[in-house]
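Below is one structure; the comments refer to it alone.
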Amino acid sequence: MNTKQTKWEVNAFQVPNVVVDEYASQLSGNAFKLLVLIIRQTKGWGKEWDAISATRMADILNMKLVKNVYPYIKELDDLDLIQVSKKLGRISQYSLKQPVPNKGSTKKSTS
């Protein structure tokens, strides 16, 4: 038996089932990645919100231009999955909104 821990076994954070069950198919790939990053930076550290720079988001999404991250932030905001708090001269703060199943969904809850 191999007792060495792998990267898959060390440190973890939870993603609510509804994110995968209801929203993964609706989100673009980069918006989904960004949502997972926000979950990691907030809930993964036991926080309700976190200041995350657009530069960091662009780095995670492997984007050369920081401005290209903003449509994905808007996509998450439009689906009411995140809350963005902006203050002049400060890094925007992000928090998660409680994701809820879409109305009329036929998918069964998995708990």
Side-chain angles (χ1 to χ4, degrees):
M1 173 186 261
N2 184 358
T3 58
K4 183 178 177 183
Q5 288 185 325
T6 68
K7 287 185 179 183
W8 287 102
E9 296 168 354
V10 178
N11 297 327
F13 65 99
Q14 294 182 341
V15 174
N17 289 345
V18 70
V19 169
V20 176
D21 295 347
E22 299 291 335
Y23 292 100
S25 63
Q26 293 181 45
L27 294 169
S28 66
N30 281 335
F32 187 80
K33 291 176 191 177
L34 188 57
L35 180 58
V36 171
L37 170 67
I38 293 169
I39 293 170
R40 168 73 175 105
Q41 291 298 120
T42 56
K43 299 297 183 186
W45 288 99
K47 299 188 273 184
E48 290 300 313
W49 58 268
D50 193 25
I52 309 168
S53 71
T55 302
R56 174 151 169 72
M57 291 178 181
D59 286 345
I60 296 293
L61 297 176
N62 200 27
M63 295 180 172
K64 293 182 181 185
L65 298 175
V66 172
K67 71 178 184 175
N68 290 342
V69 79
Y70 295 110
Y72 304 111
I73 294 169
K74 182 174 179 352
E75 185 177 342
L76 295 175
D77 192 33
D78 286 349
L79 283 172
D80 215 25
L81 293 172
I82 63 170
Q83 181 171 339
V84 183
S85 299
K86 300 176 186 179
K87 291 183 182 175
L88 188 60
R90 313 247 1 208
I91 295 173
S92 294
Q93 296 177 349
Y94 298 87
S95 61
L96 295 170
K97 290 188 174 180
Q98 182 67 38
V100 294
N102 292 328
K103 292 179 182 175
S105 174
T106 58
K107 295 182 182 179
K108 293 183 180 178
S109 175
T110 55
S111 44

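Sequential numbering from 1 along the given sequence is applied to the chain's residues. Only this structure's heavy atoms are used, side chains among them; waters, hydrogens and symmetry mates stay out. Just so it is clear, the structure is predicted and the values come from calculations on it, not from any experiment.
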key: Listed partners of Lys33 passing salt bridge (charged side-chain N to carboxylate O under 4.0 Å, His left out), at least two apart   = none

Side chains of residues 52-66: which donor-acceptor pairs under 3.5 Å do they make with residues two or more places apart or in other chains?
{"unit_1": "Ser53", "atom_1": "OG", "unit_2": "Arg56", "atom_2": "N", "d": "3.0"}
{"unit_1": "Arg56", "atom_1": "NH2", "unit_2": "Gln41", "atom_2": "OE1", "d": "3.4"}

key: 4.5 Å side-chain heavy-atom contact, Leu35 and Tyr72   = no

Verify same cluster id: Leu96, Trp49 (apolar side-chain graph, 4.5 Å) = no

ask   = If you round to the nearest 0.5 Å, how far is CD of Gln83 from CD1 of Ile38?
value = 11.5 Å

ask   = Which atom pair, heavy atoms only, marks the closest approach of Leu27 to Ala31?
value = CD2-CB, 4.1 Å

ask   = Are Ile91 and Leu37 in one and the same hydrophobic cluster, where Ile, Leu, Val, Met, Phe, Trp and Tyr link if side-chain heavy atoms are under 4.5 Å apart?
value = no

query = For Ser95 and Glu48, which heavy atoms make the closest approach, and how far apart are they?
reply = CB-O, 3.1 Å

Residues in side-chain hydrogen bond (donor to acceptor under 3.5 Å, both in side chains) contact with Lys67, at least two apart in sequence or another chain = none

note = Closest non-hydrogen contact found for Pro16 with Ile39 is CD-CD1, 4.3 Å

request  = Sort out for me which residue in Asp50, Leu34, Asp77, Ile73 forms a side chain to side chain contact (heavy atoms under 4.5 Å, CB included) with Tyr94.
outcome  = Ile73

